[in-house]
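FYI, side chains are in, hydrogens and waters are out, and symmetry mates aren't considered; it's all heavy atoms of this structure. Below, read A as the first sequence line, B as the second, and so on, with proteins coming before strands; counting in each chain starts at 1.
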2 protein chains.
Amino acid sequence: MSAQEIIRELHSCNVRVTPQRLKILSYLKGTDTHPTAEEIYQNVSENCYGLSLATVYNTLNLLKEHNLVLELKYGDLASRFDGNVMEHYHVYCKKCGKVSDFMGSPVNEVKLEAEEATGFAIESVRLDLYGYCGRCQTKHDA
Amino acid sequence: MSAQEIIRELHSCNVRVTPQRLKILSYLKGTDTHPTAEEIYQNVSENCYGLSLATVYNTLNLLKEHNLVLELKYGDLASRFDGNVMEHYHVYCKKCGKVSDFMGSPVNEVKLEAEEATGFAIESVRLDLYGYCGRCQTKHDA
DNA sequence: TTAGCTGCAAACTATTTGCCCTAAG
DNA sequence: CTTAGGGCAAATAGTTTGCAGCTAA
């Protein structure tokens, strides 16, 4: 995703474009490692002199509100962020903490069931699968 | 679920039975409100004089490790806990924060797809649906 | 008897906020 | 030129931990 496209995305949300926001969002759109705020800060700082961690948090909250990024909370401490906002799911390794994306069959039926059963109007879904990644499977001592 | 049954559950995990643990687990098994640690503390304190919040946290962590309770983290700050550990899903109201249980079709196919696509060995699933509860649907200003 | 638990308070960590200045529009 | 945003440091909130006395087994 080019810088121009990202600028357009920000404009379309009536969000003022700043170098910090541009770089943070670009970074997130260009990785699939689901970094934490701290990791984003480390990486983006490299070409954004003087960037502060508070700005990273503020920016992530802003982007989140406009559905430009996803926040993923796992059992561990720091939230992880995902620049891919298309419906997709995640697998989480209980041993090493690795998070991988996974495109699965949409779970629309479940959405409908939920609306009927609970009376909620469902807008979005989050599906996480917990287990052990290939690397950790052999050596995991439950 | 009777106190006797809860004691048996704790024993079967080689967990020492204390009044605090008994009361916290009983409370969680007997509610479907997905309380936070603070709420558990408030409620259990009423008939457990001198209970401390740290004990609530320690106990919840212990129960979690033994899969006797589930921890649910949402966008808001405090984790919520669920004493129902059978596979079921949750709907979360983006307006008022209410969390309801929902028994849906098991998503086993998705589990298999994920194992094939990612090479992970999947052990458990968490499916959350986000939207607006009946009460909040009429008055939500997106 | 004794390993493990509790309560308390202090520590810790992720995240948020207030203030002042800079920069986007 | 005007107002939102950035940087910094201090504040906050949820959660964890160290320690000393207590208790379940």
Side-chain angles (χ1 to χ4, degrees), chain A residues 3-4 6-25 27 34-42 44-66 68-81 97, chain B residues 3-4 6-25 27 34-42 44-66 68-81 97:
Chain A
Q4 277 311 315
I6 290 186
I7 290 174
R8 231 170 285 132
E9 281 214 328
L10 292 172
H11 278 149
S12 73
C13 297
N14 288 317
V15 162
R16 188 178 284 195
V17 177
T18 68
Q20 291 85 348
R21 292 175 179 182
L22 203 50
K23 285 170 185 160
I24 289 169
L25 188 51
Y27 175 66
H34 311 88
T36 62
E38 180 67 36
E39 286 163 352
I40 294 167
Y41 170 65
Q42 299 293 343
V44 176
S45 285
E46 287 173 12
N47 65 336
C48 188
Y49 183 75
L51 179 68
S52 97
L53 186 53
T55 298
V56 173
Y57 277 108
N58 288 333
T59 301
L60 289 170
N61 282 334
L62 184 84
L63 297 175
K64 218 169 47 178
E65 277 166 31
H66 291 284
L68 295 173
V69 304
L70 246 46
E71 179 177 8
L72 308 175
K73 299 198 178 227
Y74 290 100
D76 67 343
L77 300 158
S79 285
R80 291 155 168 283
F81 294 86
Chain B
Q4 276 312 314
I6 291 186
I7 290 174
R8 232 171 284 129
E9 280 214 330
L10 291 171
H11 277 149
S12 74
C13 298
N14 288 316
V15 163
R16 186 178 286 194
V17 177
T18 68
Q20 292 85 347
R21 291 174 179 182
L22 203 49
K23 286 171 186 161
I24 289 169
L25 188 51
Y27 175 66
H34 312 88
T36 62
E38 181 67 37
E39 286 163 351
I40 296 167
Y41 170 65
Q42 301 292 343
V44 176
S45 285
E46 288 173 13
N47 66 335
C48 190
Y49 183 76
L51 178 68
S52 97
L53 186 53
T55 298
V56 173
Y57 277 109
N58 288 335
T59 301
L60 289 170
N61 283 334
L62 185 83
L63 297 175
K64 217 169 49 177
E65 276 166 31
H66 291 284
L68 295 173
V69 305
L70 246 45
E71 179 176 9
L72 308 175
K73 298 199 178 227
Y74 290 100
D76 68 340
L77 300 159
S79 286
R80 293 155 166 283
F81 294 86

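- Nearest heavy-atom pair across A:H34 and A:E39 is O-OE1, 4.5 Å.
- Nearest nucleotide to the B:A78 side chain, out of C:dT15, C:dC5, D:dT15: D:dT15.
- Between B:Y57 and D:dT16 there is no side-chain polar atom (N or O) within less than 4.0 angstrom of OP1 or OP2.
- Atom-to-atom, CD of A:E65 to C1' of C:dT16 comes out at 13 Å; the value is rounded to the nearest Å.
- We find that CG of A:N14 is positioned 12 Å from C1' of C:dG25, with the value rounded to whole Å.
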Q | Contact state string [nucleotides 18-25 of chain D, B base, S sugar-phosphate only, - no protein heavy atom under 4.0 Å] | A | -----BBS
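- Rounded to whole Å, atom C1' of C:dC5 lies 13 Å from atom CG of B:L63.
- Between the CD1 atom of B:I40 and the P atom of D:dT15 there is a distance of 10 Å, given to the nearest Å.
- Atoms CD (B:E39) and C1' (D:dG14) sit 13 Å apart, rounded to a whole Å.
- Residue A:L22 contributes atom CG, which lies 13 Å from atom C1' of C:dA24 at whole-angstrom precision.
- Applying the 4.0 Å criterion to OP1 and OP2 of D:dG6, one finds that A:R21 has a side-chain N or O inside that range.
- With values rounded to the nearest 0.5 angstrom, B:L22 atom CG is found 11.0 Å from B:E9 atom CD.
- Side chain of A:T55, nearest nucleotide from D:dT15, D:dG7, C:dG7: D:dG7.
- Put simply, the side chain of A:Q20 reaches to within 4.5 Å of the side chain of A:L51, judged on heavy atoms.
- Between B:Q20 and C:dG7, a side-chain N or O to OP1/OP2 separation shorter than 4.0 Å is present.
- Applying the 4.0 Å criterion to OP1 and OP2 of D:dT15, one finds that B:S79 has a side-chain N or O inside that range.
- To the nearest angstrom, P of D:dG14 lies 12 Å from CZ of B:R80.
- When the nearest nucleotides of DNA chain D are assigned to B:F81 and A:L51 by heavy-atom distance, the more 5′-ward of the two goes with A:L51.
- The backbone N or O of A:R16 lies less than 3.5 Å from a partner atom in the side chain of A:R21, making a donor-acceptor pair.
- Residue-level contact check: A:E38 touches neither bases nor backbone, having no heavy atom under 4.0 Å from any strand.
- Atom OH of B:Y49 and atom C1' of C:dC8 are 13 Å apart (whole Å).
- Using a 4.5 Å heavy-atom threshold, the side chains of A:T18 and A:T59 count as separate.
- Put simply, the side chain of A:E65 never gets that close to the backbone of A:L62: no donor and acceptor are under 3.5 Å apart.
- For the pair A:V44/A:V56, no side-chain contact is recorded, criterion being any heavy-atom separation below 4.5 Å from C-beta on.
- Nearest-nucleotide assignment on DNA chain D puts the 5′-proximal partner with A:G50, out of B:N61 and A:G50.
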